[in-house]
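Comments concern the structure below.
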Number of protein chains: 2
Amino acid sequence: MRKVRTFSSDTDLVNQRRNHIVKIATEQIIKRGYNNINTRELASALGMSTGGLYHYIGSKEDILYLIINFTSDLTCQSLSRFADEEKGKSCEDKLRDSIRNYFEIVENYRDFHNFVNHIMLSLPVKDRKIVYKAESRVIDYYEELIADGIAEGVFEAQDARLAAHNIIVMANAWANRGWFLKKHYTLREYTDEQTDAILSHLRRSPKKNGHKQLQPVKQKA
Amino acid sequence: MRKVRTFSSDTDLVNQRRNHIVKIATEQIIKRGYNNINTRELASALGMSTGGLYHYIGSKEDILYLIINFTSDLTCQSLSRFADEEKGKSCEDKLRDSIRNYFEIVENYRDFHNFVNHIMLSLPVKDRKIVYKAESRVIDYYEELIADGIAEGVFEAQDARLAAHNIIVMANAWANRGWFLKKHYTLREYTDEQTDAILSHLRRSPKKNGHKQLQPVKQKA
DNA sequence: TCTCATCGACTGAGCGCTCGGTCTGTGTTA
DNA sequence: TAACACAGACCGAGCGCTCAGTCGATGAGA
């Protein structure tokens, strides 16, 4: 991960300042775009001068990396939290609860999720892997959970990876497509509807019966 | 829609040049980012000088609008094509075929879809509405199709809007998340799997039965 | 000859970042 | 105790560079 320069040797102060930079810069960048806000404006939004800002970072671009690091940490915390809360629950309840948790995290940290999705093209390709890696861990978590459900006979046999990926996509849609979704749904409504969609597919996948038998399946219902 | 300046009165030539600009600029901007490529590099990629480029556009930003316009036109053509092909088909077949068609369009014009999704934050808010509007039309199309299926009793009663929106989200995921999806799936596989997921939910939505009755439903299956 | 398409050197505005300077707090010495 | 030196946090004007866009020159075609 990229090393960000600071002139301060006070680690606590550096962390404190940088957390503040991450928070405010994310808001501003999401609102206006990374390239539509200059360092003077950023510094002003932070309540500092540019010199003060450069006491803690080495370049404007460093801010992007601070934010990405913060978001990756969030992802790790999410996974730890899911693992802590899943003990003693059925596969389906685990899945339902962790979907709700993840959607809430996406809502609470919407700016960071939006940020990462949109800033990706500004990064060198090798640095995009940091982001990919963090997100792949979430996909892996859900894939394993779904695969366990399939092994236990709770879910129908199907492509667990794609089902897991769809959960991430739906969560990101909430963060990215507020222009449409928030006109029509609350987070709770959206979460419930999407959880239902995911579970209805997991419980009874028509793929098992092949496409040509779709009509017979319907008659048996 | 934004008026783009040209010094030429030869409409055919302007269109020809601009289509070329749209095509090449989209590739370059997607590959490198709008703000990471300057007008000289763009002109060079186009096989022109900057002066030649500015004969057909008024500003670098105009290129964004040309591309957005092109993408909106694509969307209109997609909808016309769906409408032409749906005559005499059942709701389910219409839905299945139009999903496949839309996914193929997203694949064929992946650069434009990526472009619009990522460039949104560079636009003034009022101009984002152009993009929102084009995409809302696709959502409306699917919502109406699903609502017809519900009215005919082919699909279970549910939120047609969200189901329609999910189709768009899944198609965009193919365009935007190739880093993950293309490692595991061909377009055909992805289309079939997602169509199954969508249809399994439409045919049998557990929401109608409420969450508390999930187990009894399963036993009846 | 005139018109139009194209070129590329040039312009000036704006950018990220630096660096000389100020201010404040702390420690040392007389 | 007071004065001074020092370190570190912070400031903001200015620098060098890059950028988008211009404009006079040139060549081609009618």
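Just so we're on the same page: letters track the sequence lines, and every chain starts at 1.
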Do any pairs count as a salt bridge (Lys or Arg N to Asp or Glu O under 4.0 Å) and have a residue in [range], sequence neighbours left out, and if so which ones?
{"range": "residues 137-151 of chain B", "value": "none"}
{"range": "residues 10-25 of chain A", "value": "A/Lys23-A/Glu27"}
{"range": "residues 45-56 of chain B", "value": "none"}

- Got a sec? Which of residues 40-49 of chain A come in under 4.0 Å of DNA chain C, heavy atoms?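 Under 4.0 Å from DNA chain C: A/Arg40.
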- Item | Separation of C/dT3 P from B/Phe7 CZ (nearest whole Å) |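 That distance rounds to 17 Å.
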- Rounding to a whole Å, what distance do you find between B/Leu13:CG and C/dT3:P?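 Those two atoms, CG and P, are 19 Å apart.
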- Query: What is the nucleic acid contact for B/Ser9, judged by heavy atoms within less than 4.0 Å: base, sugar-phosphate only, or nothing?
  - Reply: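 No contact.
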- May I ask you to say what A/Leu53 touches in the nucleic acid, namely base, sugar-phosphate or nothing, with a heavy-atom cut-off under 4.0 Å?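 It contacts nothing in the nucleic acid.
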For [X], enumerate each residue passing the side-chain hydrogen bond (donor to acceptor under 3.5 Å, both in side chains) test, keeping only those at least two apart in sequence or located in another chain.
{"X": "B/Tyr141", "value": "B/Glu86"}
{"X": "A/Arg40", "value": "none"}
{"X": "A/His113", "value": "none"}
{"X": "A/Asn172", "value": "none"}

Polar pairs (N or O, both sides) under 3.5 Å between protein and nucleotides 19-23 of chain C?
none

- Message: Strictly below 4.0 Å: does B/His55 bring a side-chain N or O up to OP1 or OP2 of C/dT6?
- Response: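 No, because none of the side-chain N or O atoms of B/His55 sits under 4.0 Å from OP1 or OP2 of C/dT6.
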- Message: Taking 4.0 Å as the cut-off, does a side-chain nitrogen or oxygen of A/Arg5 come that near to OP1 or OP2 on C/dT18?
- Response: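 True: A/Arg5 side-chain N/O within range (under 4.0 Å) of C/dT18 OP1/OP2.
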- Query: Checking A/Lys60 side chain against A/Tyr34 main chain: does a donor-acceptor pair fall under 3.5 Å?
  - Reply: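 Yes; at least one donor-acceptor contact below 3.5 Å.
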- Query: Does B/Tyr142 use its side chain to pair, donor to acceptor, with the backbone of B/Ser98 at less than 3.5 Å?
  - Reply: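 The answer is yes, because a donor-acceptor pair under 3.5 Å joins these two groups.
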- Query: Taking only residues two or more places apart in sequence, or in another chain, which ones meet A/Arg5 in a salt bridge (Lys or Arg N to Asp or Glu O under 4.0 Å)?
  - Reply: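 For A/Arg5 there are no salt bridge (Lys or Arg N to Asp or Glu O under 4.0 Å) partners, ignoring immediate neighbours.
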- Message: According to salt bridge (Lys or Arg N to Asp or Glu O under 4.0 Å), who are the partners of A/Asp111, at least two apart in sequence or on a separate chain?
- Response: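 For A/Asp111 there are no salt bridge (Lys or Arg N to Asp or Glu O under 4.0 Å) partners, ignoring immediate neighbours.
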- Task: Shoot me the first and last contacting nucleotide of DNA chain D against chain A, ordered 5' to 3', at under 4.0 angstrom to non-hydrogen atoms.
- Result: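 Nucleotide range in contact with chain A: D/dA9 to D/dG14.
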- Message: I want to confirm an ordering. Mapping B/Thr50 and B/Arg17 to their closest nucleotides on DNA chain C, which one lands closer to the 5' end?
- Response: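 Checking each residue's closest nucleotide, the 5'-ward one belongs to B/Arg17.
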